[in-house]
Asks: 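Can you read through this structure? Questions will come right after.
Note that these values count all heavy atoms, side chains included, but never hydrogens, waters or copies made by symmetry. Numbered from 1 within each chain, the chains take letters A, B, ... in sequence-line order.
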Number of protein chains: 2
Amino acid sequence: MTHSRPLKSEISLSVIKTACSNCNLRELCLPFGLSIDELERLDDLVSSRRRIKRGDYLYRAGESFDAIYAIRSGFFKTDVLLEDGRDQVTGFQMAGELLGLDGISTEHHTCNAIALEDSEICAIPFSRLESLSREIHTLQHHFHKVMSREIVRDHGVMMLLGTMRAEERLAAFLLNLSQRFTSRGFSHAEFYLRMTREEIGSYLGLKLETVSRTFSRFQEEGHIAVQQKHIRILNVNGLKALMNQR
Amino acid sequence: MTHSRPLKSEISLSVIKTACSNCNLRELCLPFGLSIDELERLDDLVSSRRRIKRGDYLYRAGESFDAIYAIRSGFFKTDVLLEDGRDQVTGFQMAGELLGLDGISTEHHTCNAIALEDSEICAIPFSRLESLSREIHTLQHHFHKVMSREIVRDHGVMMLLGTMRAEERLAAFLLNLSQRFTSRGFSHAEFYLRMTREEIGSYLGLKLETVSRTFSRFQEEGHIAVQQKHIRILNVNGLKALMNQR
DNA sequence: AATCGCGGTTGACATGGATCAAGCCAACAC
DNA sequence: GTGTTGGCTTGATCCATGTCAACCGCGATT
């Protein structure tokens, strides 16, 4: 790829240029439900595409906010820091998901977004998104749904943190990842974790040792096979059953 | 008041009718930042006002969604239920705050909203809010801020649940209530809790006994005076200090 | 005034997960 | 190869919070 010269500039441009219209995530991402010509208007807006290397920040808490970001490929975590150094991972985001919605409220980001693998994002200038969504009803409505979905997701995490035991939290976590990989066309039963035990623990309100021990227990009980970051789910129903017991 | 007859119909109507333009919460609530004539257009939309008695549901999880609600007066909790009966209180809402944003995502409410005291709400039909906010930029932007603020709040709760100890959670909870009462013109140092120890516990991921014991400890240490639901904060800085230790 | 009942407090004890510590494994550098 | 490093696993012990149980106190009802 790096040595190929463009044969026809239109073609190469249309491939290289960010374009929702030919993005295979468009049914998961912001463009959901838009007509062809609406899509093209969104294309104009989603101009810049950026690579973020593993470990780099997409944005940091405190930075001023002016765009939201759609993940084109890769994997991110968001976290909030307390003055005393404690931190809480607030989410893991994958392709097709939006980052940065927290920044709208104060015009400043309130959390950090960090790439857990080399990633690519589309920046969507927020004020332009607002103007466009004043014109395109479908876009407006879908954007509201996405924000609302984030609120609902957060409620789920609260439930997890507030009422579930370590086993249940981890089972819920694995099932959630599995389901999200599935809807992106990957295996539901086999995947690589992009985050460390510590990051999982932070997300789930557990220490890394507990995460590790619980994985081991799941393995002993035949629910999963773990080998470092490689996970195979052997018994989905077993995991599901772990959640509603008690 | 109840015996007075209207002298001029316009006057009595303007008092009785729901109207953002003369609501003293307008600087906290959705109308924030609107001009006089924009306010009047919002008035048309916020037509119905409803009383909810203590203990009654404003809406239930699963019901179909078509409006969001602004709290005119009173106090609510929202909670989510798991099949096995466990529940998690996801928030406490007071005058000027919005309820129902979770329902946008699936067109169905995903939690229950229950009045903790006799309350009054304004129903805002959501599709009409969307059309109006396509016309009024300020309204659109403010609504986005409100949704985003909810996401940020949820992150705070995750931090609480994920990384803080019982003392810290409860201190944070009291300080948060105090601050919200203050911005509504009530005393920052003295207030009545509208919720039970069990509801506080559910919100904070603690059992009611722990909540009760921690209140008692705060009292022994001179941070607060508790008597059932009546709270007086004696030492704000003491409470703040409790949070960042460790 | 007596009774009832719900919510709150307090105590004694149990336990899930944290903490501390050692060792292991895999990737990478040299 | 050997060493180094970061992430993971496992064991022993500890402790914060949960659990169970008794009792209290206040408001509502009669």
Side-chain angles (χ1 to χ4, degrees), chain A residues 54-55 77 85-89 114 116-118 160-174 192-221 224-232 242-243 245-246, chain B residues 53-55 77 85-89 114 116-118 160-174 192-221 224-231 242-243 245-246:
Chain A
R54 175 174 170 201
K77 73 167 176 181
R86 281 182 284 184
D87 74 330
Q88 170 75 25
V89 171
I114 299 151
L116 296 182
E117 62 181 29
D118 292 357
L160 214 87
L161 293 170
T163 78
M164 292 181 152
R165 304 171 336 91
E167 274 194 354
E168 301 177 291
R169 295 185 199 185
L170 213 51
F173 172 73
L174 289 176
Y192 279 89
L193 299 173
R194 321 296 157 115
M195 66 298 275
T196 67
R197 303 290 191 259
E198 186 167 21
E199 286 162 337
I200 298 174
S202 169
Y203 181 60
L204 298 177
L206 303 169
K207 292 291 154 181
L208 70 298
E209 292 96 328
T210 306
V211 173
S212 180
R213 271 185 247 274
T214 309
F215 273 150
S216 302
R217 187 146 13 106
F218 283 178
Q219 178 155 250
E220 283 162 28
E221 290 165 357
I224 63 173
V226 213
Q227 206 187 156
Q228 307 283 106
K229 299 202 138 108
H230 181 223
I231 300 275
R232 265 185 312 137
L242 276 174
M243 291 186 52
Q245 76 193 9
R246 155 94 81 143
Chain B
K53 293 189 79 68
R54 177 176 168 197
K77 72 166 177 182
R86 281 183 285 183
D87 75 332
Q88 170 75 27
V89 171
I114 299 150
L116 296 182
E117 62 181 28
D118 293 357
L160 215 88
L161 292 170
T163 78
M164 292 181 152
R165 305 174 333 94
E167 274 194 352
E168 301 176 292
R169 296 185 198 186
L170 212 51
F173 172 73
L174 289 176
Y192 280 89
L193 299 173
R194 322 295 158 114
M195 67 297 274
T196 67
R197 301 291 190 260
E198 185 167 22
E199 286 161 337
I200 298 174
S202 169
Y203 180 60
L204 298 177
L206 302 169
K207 293 289 155 180
L208 71 298
E209 292 96 328
T210 306
V211 173
S212 180
R213 272 187 249 275
T214 309
F215 273 150
S216 301
R217 187 149 9 108
F218 283 179
Q219 179 155 251
E220 283 162 28
E221 290 165 356
I224 63 173
V226 213
Q227 207 185 156
Q228 306 284 108
K229 300 204 139 107
H230 182 224
I231 301 275
L242 277 174
M243 290 185 52
Q245 76 192 12
R246 154 97 80 138

Asks: For the atom pair CG (A/Leu174) and CG (A/Leu193), what is the distance rounded to the nearest 0.5 Å?
Replies: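 It is 7.0 Å, given to the nearest 0.5 Å.
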
Asks: Looking at CG of B/Leu206 and CG of B/Leu170, how far apart are the two atoms once the value is rounded to the nearest 0.5 Å?
Replies: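 Answer rounded to 0.5 Å: 7.5 Å.
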
Asks: Between C/dG7 atom C1' and B/Leu116 atom CG, what is the distance in whole Å?
Replies: 14 Å

Asks: When you measure from the side chain of B/Arg169 to the backbone N and O of B/Met164, does any donor-acceptor pair fall under 3.5 Å?
Replies: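 Here the side-chain-to-backbone pair exists.
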
Asks: With a 3.5 Å distance limit and no angle check, can you tell me whether A/Arg194 reaches the backbone of A/Tyr192 through a side-chain donor-acceptor pair?
Replies: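 Yes, the answer is positive, given that a donor and an acceptor are paired below the 3.5 Å cut-off.
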
Asks: Tell me which nucleotide among C/dG17, D/dG18, C/dA18 gets nearest to the side chain of B/Leu206.
Replies: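 Out of C/dG17, D/dG18, C/dA18, the nucleotide with an atom closest to B/Leu206's side chain is D/dG18.
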
Asks: In whole angstroms, how far is the P atom of C/dG7 from the CD1 atom of B/Ile231?
Replies: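 These atoms are roughly 17 Å apart.
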
Asks: By the 4.0 Å heavy-atom rule, please label B/Gly205 as base, sugar-phosphate, or nothing.
Replies: sugar-phosphate

Asks: Quick one: B/Leu193 CG to D/dC26 C1', roughly how many Å, whole number?
Replies: 16 Å

Asks: Roughly how many Å is it from OH in B/Tyr192 to C1' in D/dG27, rounded to a whole number?
Replies: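 Roughly 13 Å, once rounded to whole Å.
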
Asks: Kindly give the atom pairs (protein nitrogen or oxygen, nucleotide nitrogen or oxygen) under 3.5 Å for nucleotides 5-13 of chain D.
Replies:
from, atom 1, to, atom 2, distance (Å)
D/dC8, OP2, A/Arg197, N, 2.9
D/dT9, OP1, A/Arg197, NH2, 3.3
D/dT9, OP2, A/Arg197, NE, 2.8
D/dT9, OP2, A/Arg197, NH2, 3.4
D/dT9, OP2, A/Ser212, OG, 2.7
D/dT9, O5', A/Ser212, OG, 3.1
D/dT10, OP2, A/Ser216, OG, 2.6
D/dG11, N7, A/Arg213, NH1, 2.8
D/dG11, O6, A/Arg213, NH2, 3.0
D/dA12, N6, A/Arg213, NH2, 3.4

Asks: Between atom CZ in B/Arg217 and atom P in C/dG11, what is the gap in whole Å?
Replies: 13 Å

Asks: What's the CE-P distance between B/Met164 and D/dA16, to the nearest Å?
Replies: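 So the two atoms are 17 Å apart, to the nearest Å.
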
Asks: To the nearest 0.5 Å, tell me how far B/Leu208 CG sits from B/Thr196 OG1.
Replies: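 Between atom CG of B/Leu208 and atom OG1 of B/Thr196 there are 7.0 Å.
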
Asks: Provide, to the nearest angstrom, the distance between the CZ atom belonging to B/Arg165 and the P atom belonging to D/dC15.
Replies: 12 Å

Asks: Can you tell me the distance, in whole Å, between the NZ atom of A/Lys207 and the C1' atom of D/dT17?
Replies: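 Distance check: A/Lys207 NZ to D/dT17 C1' gives 16 Å.
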
Asks: Show the numbers, then the answer: is there a side chain to side chain contact (heavy atoms under 4.5 Å, CB included) between B/Leu161 and B/Gln88?
Replies: CA-CA 12 Å; B/Leu161 292 170; B/Gln88 170 75 27; 4.2 Å; yes

